[in-house]
Each structure stands twice: as C-alpha cells, then as structure tokens.
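Input: a single structure, listed below in structure tokens.
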Amino acid sequence: MKSLKNHPISRWAALLSLGSFFSACSSDSPDFAKDIAPIVYQNCSPCHRPNGGAPFSLLSYKDVAKRAKMIALVTRKKYMPPWPADRNYSHFLNERTLSDHQIDLFQKWYKNGCLPGDTSKLKLPTTLFTSSVLGKPDLIVPVEPVKIINNNKDKFYVLKIPCKIDSWKPVRAVEFIPGQPDYAHHVNGHYLLMDDKTDPFAGNRLVDIESPDYDSQFKSLLLDNSNGSMPERVHSAFNYLPGAFGVRYPEGIGGFMMSPNGVFVANDIHYGPSLKNVIDSSKLYIYFAKQPLKRPCFEVMMGTNGVAPIVPPLQIPAGKITKHVSQMTIYNDISILTVNPHMHLIGKSFKAFAVKPNGDTVNLIHIPVWQFRWQYFYTFTHPVRVPKGSTIFVEALFDNTSNNPNNPYDPPQTIGERLDREGASMRTTDEMLQFIITYMPYQKGDESIDLSKP
Ligand code: HEC
C-alpha cells in the first residue's frame, strides 16, 4: 500500500480526480460572490476601476453583470486581461492571465443568468483605490501639462521634466502618475544628470514626435549640458502602462543617484485618440532610498540603437513576413531582473532566451501574438541567473502583409528602422526591434531573492 501511495503516477491520479471533484462542485452554477468576484478583483479591477486606465469599472456585481456577455467573449478570446507573454514559457510578477477553468467560469456564470450569490460579505481590496501603487512619495515633481486635442488621433510627445534638489540623493523608485489615465497609454522615461553649470529649467518642455520639424524641436528641449557635453543618463528611470504598476525592487537592489540638477525625460508619452479637449497634468512620485544603493542595476539594449545588431537589417518589404534576430554573448555572470520586448505596429511574435556554455537554454520571454498596445516591462519573480559565456538570442517576426489588421498602410509599403536619427522613433513609418534587459552582476543566492517583496 505504502509503495503504491508514493508512486508518482498514482499520486497524479489522486490529484487529478480531486481536482475534477472540486471543480464539478463549484463551477456548475458559479455565482458572483464565491466564484467571479475573486477573479475580477485580481485580474480586471486593477485597470477597470476609477482612474485605472480602462474605459469602465468592474467592481460591483452590477458593473460585472451588466457586461457579462461581453466579458464572456473577451475572456474566451483571451483579449482580456491583456497579458501577451506566454506563461508556459516563463513567469513574471503580477502576471494576469486566466486559467481555462476561470475562463469557463465566466462562460457558465453568464449562461446561467449571472447569479449574484451572497454579495453582502464581499470586500473590495483596498489596494485598488490608492492612486499610487508604491504609497506616499518623498517628492512630487509636476509634469508640464499637455493639451490633448479632440482630433481623435494617437499622439506621441517627448516631455522634459526638470527637477532641482539640494544634494545628491539615492532614489529607489519613480512612479508616473497620469493626470488623465483614460488617455495616457504608455510612458517610457529616463533621467539625465546635468552638470552643476546647467539650468535644467532652460529650454522648451514638449515636442510633438509626429511634427515635421521634430529634429529642431527636439534640440530646443536643451537636453545637453550647457557646455555641449552629453549628461549621464539613467535608462527606464520610470515607465507607465495601465495596469503595469511601478516596479520597486527589494530595498538595496537597483535605484539610482539623483543629482542636484536633473531632468526626467518622458521619451515618449503616448496618448490615445480623444474626442474631447482635455489637459493632462501628470506627476512623478519619487521614493528616496533609506539605505545606500548596494546592488546597482544596469540596462543593456539589443537591437535598434542597441549593442547587438539586427540580422538581417530591419527593413520589411511590402507584402512580406520576415524574421529578424539579434544575439549577444555576455562575459560576466548576471542576474536578470526585468525584460522589455519592444516592436511597433507590424510586430508579429517575439522570443528571447539565453543559451548557456553547456548548451542549456534559459527561457526569458515568449510573446506568441505581439500586441503593440501592451508593452510591459516584465519583472521576473526571482532574478534569473545567466552565466558568463552565455549567448542571448532575440527572434522576432514582422508581418507587413495586408492580412495584418495593424498594418498602418493599405496597400502595404516597405517599413523599417529609421537610420538617419539617433534615438527611438514612434512614427508609423518606422519599425523597431529592441530587447531591453535590466540586470545586476550575479551574487551567490540571487536566485532565491523574492522580487515581489519590497
Ligand atoms: C492592464 C489593464 C487591464 C486589465 C487587467 C483588464 N482590462 Fe479590460 N480593458 C482595458 C482597456 C484599456 C480597455 C479598452 C480597450 C483597449 O484599450 O484595448 C479594456 C476593454 C475591456 C472590455 C471592452 C472590450 C471592447 O471591445 O469594447 C471588456 C469587456 C473588458 N476590458 C473586460 C475585462 C475583464 C473581464 C478583465 C479581467 C478578466 C479585464 N478587462 C482586465 C484594460 C484592462
């Protein structure tokens, strides 16, 4: 008996039968209070709440029941919750995907007439209603207000956000708080450490990326030191995407030094189409570190403007689906914390992995169906060790055919990297292929650091 019980196959069989026993009990007539609300609070309400970035709230029984048919559809199609990464490939913090069982619950709940269950004891998680995810900031920096005009078009800007402080200070995290979360689609920001002779407040504050004189407008931001030298830059000092909350690594990991004369640059900020004239007055929340920065993090970028070229070069002929790769060998042991795949509209799929010197593969990220709208910075649950001598590979497909509903051109035209301008571009005529890796030099034990514990 004992040996049978410990036999792996019989253990599996026991688990499987238990699992189906429970799901048969609970899912035949799922109700809101018991079955649906916990899934919604976890996977939908972080965006579907006031100021959460989604167009309507999904909080109360009424909110959800009213849209049950649509919800059954968008969950079945895996359109919601938006989480493009393949969770059979690798795991990240705040993963929001539904299991087949959960998708099934939404279908059954709708078909059975949206039973409320005992909603009297339901409690909304309080974390849903703090405007900032990281809590009370040490410093609030106002962002230049942006007029979003009612032309129903996407808009892309570069914004200069100057910031003077008394002395050098270690920063743990920076959070972008959008003034108009219904319009702000995404923001990528970095930080420039200007020298002490430069006035961070000089120059213009805002550039329209689509404007024909972009280049001269960009110069008018005065993002160099006053003597013409380029200031040191902290990449990805802040990022924003609805539902993708600010990253704060455990105390001691990451962060950067803020100089007395600094400039944050939102490069770029993307607003969705608007039918109203609105003004976005956003803010940066700065969290200073309580301890010195012990484990500095670095960022390396492969592909467009990065350290590893794209092969073949990123020019995608009209009517073609093309594959492009980029590879880079690393010469020190590293612990990867966060990865960010980046392409534009005609990206089709994306995969990145490392091959160790012994031939083993370390999965980094796989995005089977690229979604331009959802470009998260994916933070691993634990640092991923990649030993020295490994090669990191990026493989991406681009679909420049007329079958691609996201193709900006009809009929298709050649789309590619812009070769004449330093820095990323957002124009629809431009494609990009980038893989940004945030890492720290490996130390023994890194694999067991729980990155969800601030
Ligand atoms: C990361 C933020 C986020 C999460 C999480 C999220 N949504 Fe959404 N949802 C949006 C946004 C933003 C839209 C508006 C459409 C768009 O921008 O793609 C949307 C649109 C929708 C729509 C309308 C679709 C349409 O075509 O009009 C439904 C229904 C919906 N979401 C349901 C859900 C459900 C159910 C969940 C959880 C299982 C969920 N969403 C999770 C952000 C989110």
Side-chain angles (χ1 to χ4, degrees), residues 84-87 89-95 173-174 186 188-191 232-239 241 244 246-250 253-256 267 293 295-311 314 324-344 347 349-357 360-367 370 374-396 417 423-424 432-443 446-447 449 451-452:
D86 175 359
R87 67 169 189 175
Y89 194 76
S90 51
H91 285 290
F92 301 99
L93 292 184
N94 303 319
E95 227 163 52
V174 177
H186 79 249
N188 286 143
H190 52 255
Y191 178 68
E232 196 185 319
R233 165 194 294 232
V234 178
H235 285 281
S236 301
F238 60 100
N239 293 297
L241 194 70
V247 178
R248 183 175 57 174
Y249 297 129
I253 294 181
F256 58 91
N267 176 34
L293 307 174
R295 304 282 311 268
C297 289
F298 303 91
E299 204 177 83
V300 62
M301 195 157 81
M302 299 172 65
T304 308
N305 299 326
V307 295
I310 301 171
V311 183
L314 196 63
H324 301 265
V325 299
S326 183
Q327 69 178 74
M328 169 180 80
T329 299
I330 54 164
Y331 296 102
N332 289 298
D333 284 16
I334 60 170
S335 291
I336 300 185
L337 302 168
T338 297
V339 292
N340 170 242
H342 178 62
M343 305 191 278
H344 287 179
S349 65
F350 186 102
K351 189 184 255 186
F353 53 91
V355 178
K356 295 198 223 173
D360 287 354
T361 299
V362 182
N363 290 356
L364 295 175
I365 188 164
H366 178 213
I367 298 188
W370 176 252
W374 301 108
Q375 311 211 20
Y376 297 115
F377 276 73
Y378 294 90
T379 297
F380 289 103
T381 51
H382 299 84
V384 173
R385 180 188 182 185
V386 178
K388 69 174 172 196
S390 303
T391 300
I392 298 179
F393 290 89
V394 170
E395 299 177 352
E417 257 178 355
M432 283 178 72
L433 169 57
Q434 261 179 355
F435 187 53
I436 302 175
I437 302 169
T438 308
Y439 69 94
M440 53 188 185
Y442 176 78
Q443 279 181 14
D446 277 357
E447 299 92 331
I449 297 174
L451 290 174
S452 72

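The nearest pair of heavy atoms linking W374 to Y378 is O-OH, 4.5 Å. Here the closest heavy-atom approach between residue P387 and residue P357 is recorded as CG-CD, 4.3 Å. The two residues S326 and M302 come nearest to each other via the heavy atoms O-CE, 3.6 Å. The shortest non-hydrogen separation linking G189 to N239 is N-OD1, 4.0 Å. Heavy atoms only, all atoms of each residue included: Q443 and S335 are closest at N-OG, 4.5 Å. Between M343 and F350, the closest heavy-atom pair is CE-CB, 3.9 Å.
The structure places CG of L314 at 10.0 Å from NE2 of H344, a figure rounded to the nearest 0.5 Å. How far CD1 of I437 is from CE of M301: 11.0 Å, rounded to the nearest 0.5 Å. Atom-to-atom distance recorded for L433:CG and E417:CD is 8.0 Å, nearest 0.5 angstrom. In this structure, CG on N94 lies 10.0 Å from OH on Y376, to the nearest 0.5 angstrom. The line from CG of L337 to CE of M440 is 5.0 Å long, rounded to the nearest 0.5 Å. To the nearest 0.5 angstrom, T329 atom OG1 is 7.0 Å from F393 atom CZ.
With sequence neighbours left out, E447 forms a side chain to side chain donor-acceptor pair (under 3.5 Å) with Y442. Residues satisfying the side chain to side chain donor-acceptor pair (under 3.5 Å) test with H91, not counting sequence neighbours, are E95. In terms of the ring-ring contact (aromatic ring centres under 6.0 Å, His included) criterion, residue partners of Y191 (sequence neighbours excluded) are, by chain and number, F256, F264. Under the rule for a side-chain contact (heavy atoms from CB on, under 4.5 Å), the partners of K388 that lie at least two apart in sequence or sit in another chain are D333. Residues satisfying the side-chain contact (heavy atoms from CB on, under 4.5 Å) criterion with S452, sequence neighbours excluded, are L93, D450. In this view, A354 and V362, V386, I392 satisfy the side-chain contact (heavy atoms from CB on, under 4.5 Å) rule, not counting sequence neighbours. Every side chain to side chain donor-acceptor pair (under 3.5 Å) that S236 has, sequence neighbours left out, goes to E299. Remark: F380 pairs with F92 by the ring-ring contact (aromatic ring centres under 6.0 Å, His included) rule, at least two apart or across chains. When the ring-ring contact (aromatic ring centres under 6.0 Å, His included) test is applied to H366, the partners found at least two apart in sequence or on another chain are Y89. Residues passing the side-chain contact (heavy atoms from CB on, under 4.5 Å) test with V325, sequence neighbours excluded: V311, K323, E395. Annotation: side chain to side chain donor-acceptor pair (under 3.5 Å) contacts of T338 (sequence neighbours excluded): Y249, T379.
Two residues are said to be in side-chain contact when any heavy atoms from C-beta on lie closer than 4.5 Å; Y439 and I330 fail this criterion. A 4.5 Å side-chain heavy-atom check between I436 and H235 finds every atom pair outside the cut-off. Proximity of N188 to N340: side-chain heavy atoms (C-beta onward) are nowhere separated by under 4.5 Å. At a threshold of 4.5 Å between non-hydrogen side-chain atoms, the residues L451 and P383 count as touching.
Between the side chain of S349 and the backbone N or O of I367, no donor-acceptor pair lies under 3.5 Å. Using a distance-only test at 3.5 Å, with no hydrogens or angles considered, no donor-acceptor pair links the side chain of W370 to the main chain of H342. With D446 contributing its side chain and V384 its backbone, the two residues share no donor-acceptor pair below 3.5 Å.
A donor and an acceptor atom, one from each side chain of Q327 and T391, are nowhere located under 3.5 Å apart.
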Q) Should C297 and I253 be marked as a side-chain contact (heavy atoms from CB on, under 4.5 Å) after you check the CA-CA gap, both sets of side-chain angles, and the distance that decides it? A) CA-CA 7 Å; C297 289; I253 294 181; 4.0 Å; yes
